[in-house]
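Okay, structure first, notes after.
All of these numbers come straight from a predicted model, not from anything done at the bench.
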Amino acid sequence: MAKQDVLITEVALRDGSHAIRHQYTVDQVLQIAKALDEANVPYIEVTHGDGLAGSSLQYGLSKTDEMALIEAAVSVCQNAKIAVLLLPGIGTVEELKQAANIGAKMARIATHVTEADVSRQHISIAKELGMETVGFLMMAHMAPARKLVEQAKLMESYGADTVYVVDSAGALLPHQVKERIKALKENIQVNIGFHGHNNLSLAMANTLAAIEEGATRIDGSVRCLGAGAGNTQTEVLVSVLDRLGIETGIDIYKMMDLAEDIVAPILPKPQEITKDSLVLGYAGVYSSFLLHAQKAAKQFEVDSRDILIELGKRKVVGGQEDMIVDVAAEIAKKQSAPV
Ligand SMILES: C[C@H](O)CC(=O)C(=O)O
Ligand SMILES: [Mn+2]
């Protein structure tokens, strides 16, 4: 195994699922996971975009049962470990056990940045199942560094091997990432990770800032495939890290090839920063809300940016997707009221 200073988790088959409305097929997962494994990517995350059991009317129905997708990825990987995401309250311990049974080796337990206490049971059961465990603190822009430290310590105490700072809204600026990672580095002993979104075109800068402060677990997504404007682009990231003399162990040419030849052809449209995804970062809104807000905007004939700005003001968090329709209806009502 090549030397690795930073371990990359590829999230195109999980976060990227948001961008294609959870329509992955077994065939696509077989092809992508095999190519990622051949490029020496150490971890590949596979589930519905909102984690295990996310397939629902609320979060979007998957085309294919995620267990079939996980099984497919496991079947073609020689070295890469398959990771699964679980948001307590969406997924349960039952799905976690099922995923472990079919070969998933890493469990990433995601909570809102101030609610790490709900991850205790899932982290400890994942450990009992022999899985590597990650605590995933979402919407990290909504809490100051000292709060993040407090919450990360909880996850560490439950047995997390790594704690991630997750910029779910793509709202953090590089100095804010630095401040948060530095505080974790000074206060917890386990590995520190970073997961960025590119809504303000800062995913790469933020990722580099995190690595500079000591993050060694980093998420990337081929072709940026992810919620909102997507994630830090893996094939670009490994090239930049190579130029910086930071080893990922990943074959750069193979990453570029799989991005161009396998992933690009299945995309309905290239991942880009649109006015709506930009507003996610600007207003600090959960990236997974993008498609729901656009749908509500159409239904109520209002500007999707107005919905997103209002959601940001109300500090709505993941799990409150039903508020999107409420906000759209209120805006429509205000707009049709006589002046
Ligand atoms: C369920 C979310 O999509 C998790 C994530 O990737 C994020 O918060 O960002
Ligand atoms: Mn994400």
Side-chain angles (χ1 to χ4, degrees), residues 1-16 32-46 73 76-83 104-108 131-136 152 160-167 172 174 177-178 180-182 184-186 188-198 202-226 230-263:
M1 176 63 81
K3 181 174 173 279
Q4 295 158 307
D5 300 315
V6 161
L7 288 172
I8 304 279
T9 297
E10 170 58 50
V11 298
L13 295 176
R14 197 279 303 166
D15 213 318
I32 297 171
K34 184 169 187 290
L36 288 168
D37 182 61
E38 286 170 0
N40 282 333
V41 173
Y43 296 98
I44 303 169
E45 188 168 63
V46 184
V76 289
C77 288
Q78 307 282 328
N79 298 306
K81 295 190 173 114
I82 302 306
K105 297 276 186 256
M106 181 196 264
R108 307 210 304 171
M131 301 173 95
E132 191 176 335
T133 50
V134 172
F136 209 64
D161 301 305
T162 301
V163 178
Y164 261 69
V165 172
V166 180
D167 184 17
L172 286 172
V177 172
K178 277 181 169 250
R180 284 163 173 74
I181 301 285
K182 185 170 185 284
L184 292 193
K185 188 78 191 156
E186 287 167 358
I188 62 171
Q189 270 60 58
V190 295
N191 305 312
I192 298 165
F194 180 74
H195 171 103
H197 277 270
N198 203 35
L202 289 172
M204 181 65 67
N206 285 344
T207 298
L208 297 180
I211 293 171
E212 236 174 86
E213 292 300 331
T216 55
R217 302 295 184 112
I218 296 295
D219 285 6
S221 187
V222 179
R223 285 268 158 155
C224 303
L225 209 54
N231 301 97
T232 314
Q233 192 167 349
T234 316
E235 63 278 24
V236 180
L237 176 65
V238 296
S239 308
V240 171
L241 293 180
D242 184 64
R243 291 289 305 275
L244 288 168
I246 297 171
E247 304 277 353
T248 61
I250 296 174
D251 184 312
I252 296 176
Y253 265 27
K254 285 187 179 165
M255 275 311 297
M256 292 176 182
D257 287 344
L258 82 93
E260 198 102 345
D261 304 336
I262 302 178
V263 176

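- Taking a cutoff of 4.0 Å between a charged side-chain nitrogen and a carboxylate oxygen, Arg108 and Asp219 qualify as a salt bridge.
- Annotation: the span from Leu184 atom CG to Ile188 atom CD1 amounts to 4.5 Å, rounded to 0.5 Å.
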Using the side chain to side chain contact (heavy atoms under 4.5 Å, CB included) rule, take Val222 and Leu36 through it: C-alpha gap first, then chi angles, then the decisive distance, then the call. CA-CA 10 Å; Val222 179; Leu36 288 168; 4.0 Å; yes

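- Glu235 has its side chain within reach of Arg223: a pair of non-hydrogen atoms, C-beta onward, lies under 4.5 Å apart.
- Put simply, the side chain of Ile32 reaches to within 4.5 Å of the side chain of Leu13, judged on heavy atoms.
- The structure places CD1 of Ile246 at 7.0 Å from CG of Asp5, a figure rounded to the nearest 0.5 Å.
- Rounded to the nearest 0.5 Å, atoms CD1 (Ile192) and CD1 (Ile211) are 12.5 Å apart.
- For Ser221 against Val11, the heavy-atom pair with the smallest separation is CB-CG2, 3.8 Å.
- Ring-plane geometry between Phe136 and His195 is classed as perpendicular, the angle between the planes exceeding 60 degrees on a 0 to 90 degree scale with a lower cut at 30.
- Asn206 places a side-chain N or O within 3.5 Å of a backbone atom of Leu172 that can act as its donor or acceptor partner.
- Looking only at side-chain heavy atoms (C-beta outward), Ser239 and Met255 stay at 4.5 Å or farther from each other.
- Residues Glu10 and Thr234 bring a donor and an acceptor atom of their side chains to less than 3.5 Å of each other.
- Tested against Ile250, the residues Val6, Val41, Leu7 include a single side chain to side chain contact (heavy atoms under 4.5 Å, CB included) partner, Val41.
- Residues Asp167 and His197 have side chains not in contact (no heavy-atom distance under 4.5 Å, counting atoms from C-beta outward).
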I'd like to know whether Thr232 forms a side chain to side chain contact (heavy atoms under 4.5 Å, CB included) with Met204, so could you lay out the CA-CA distance, the side-chain angles of the two residues, the decisive distance to 0.1 Å, and finally the verdict. CA-CA 6 Å; Thr232 314; Met204 181 65 67; 4.0 Å; yes

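- Shown here for Cys224 and Gln233, the closest heavy-atom pair between the two residues is SG-OE1, 3.3 Å.
- Here CD1 of Ile218 is found 12.0 Å from CG of Asn231. Values are rounded to the nearest 0.5 Å.
- Here the side chains of Asp37 and Asn79 are in contact, with some heavy-atom distance below 4.5 Å.
- Residues Ala80 and Cys77 come closest through the heavy atom pair O-CB, 3.6 Å.
- We find that Glu212 and Lys178 are joined by a salt bridge, their nearest charged nitrogen and carboxylate oxygen being less than 4.0 Å apart.
- Among all heavy-atom pairs drawn from Ala160 and Thr133, the shortest one is CA-OG1, 3.4 Å.
- Scanning both residues, Lys254 and Ala39, for their nearest heavy atoms gives CB-CB, 3.7 Å.
- In this structure, the separation between CG on Asp242 and CD1 on Ile252 is 3.5 Å, given to the nearest 0.5 Å.
- Residues Glu132 and Tyr43 come closest through the heavy atom pair OE1-OH, 2.8 Å.
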Let me see the working for Leu208 and Leu244 under side chain to side chain contact (heavy atoms under 4.5 Å, CB included), right down to the final yes or no. CA-CA 10 Å; Leu208 297 180; Leu244 288 168; 3.9 Å; yes

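- A distance-only check finds a donor-acceptor pair linking the side chain of Asn198 to the backbone of Ala203 [under 3.5 Å].
- Between Leu258 and Val263, the closest side-chain pair of non-hydrogen atoms falls below 4.5 Å.
- Remark: of the listed residues Ile82, Asp161, Val134, Thr162, Val134 is the sole one forming a side chain to side chain contact (heavy atoms under 4.5 Å, CB included) with Met106.
- Here OG1 of Thr9 is found 12.0 Å from CG of Asp15. Values are rounded to the nearest 0.5 Å.
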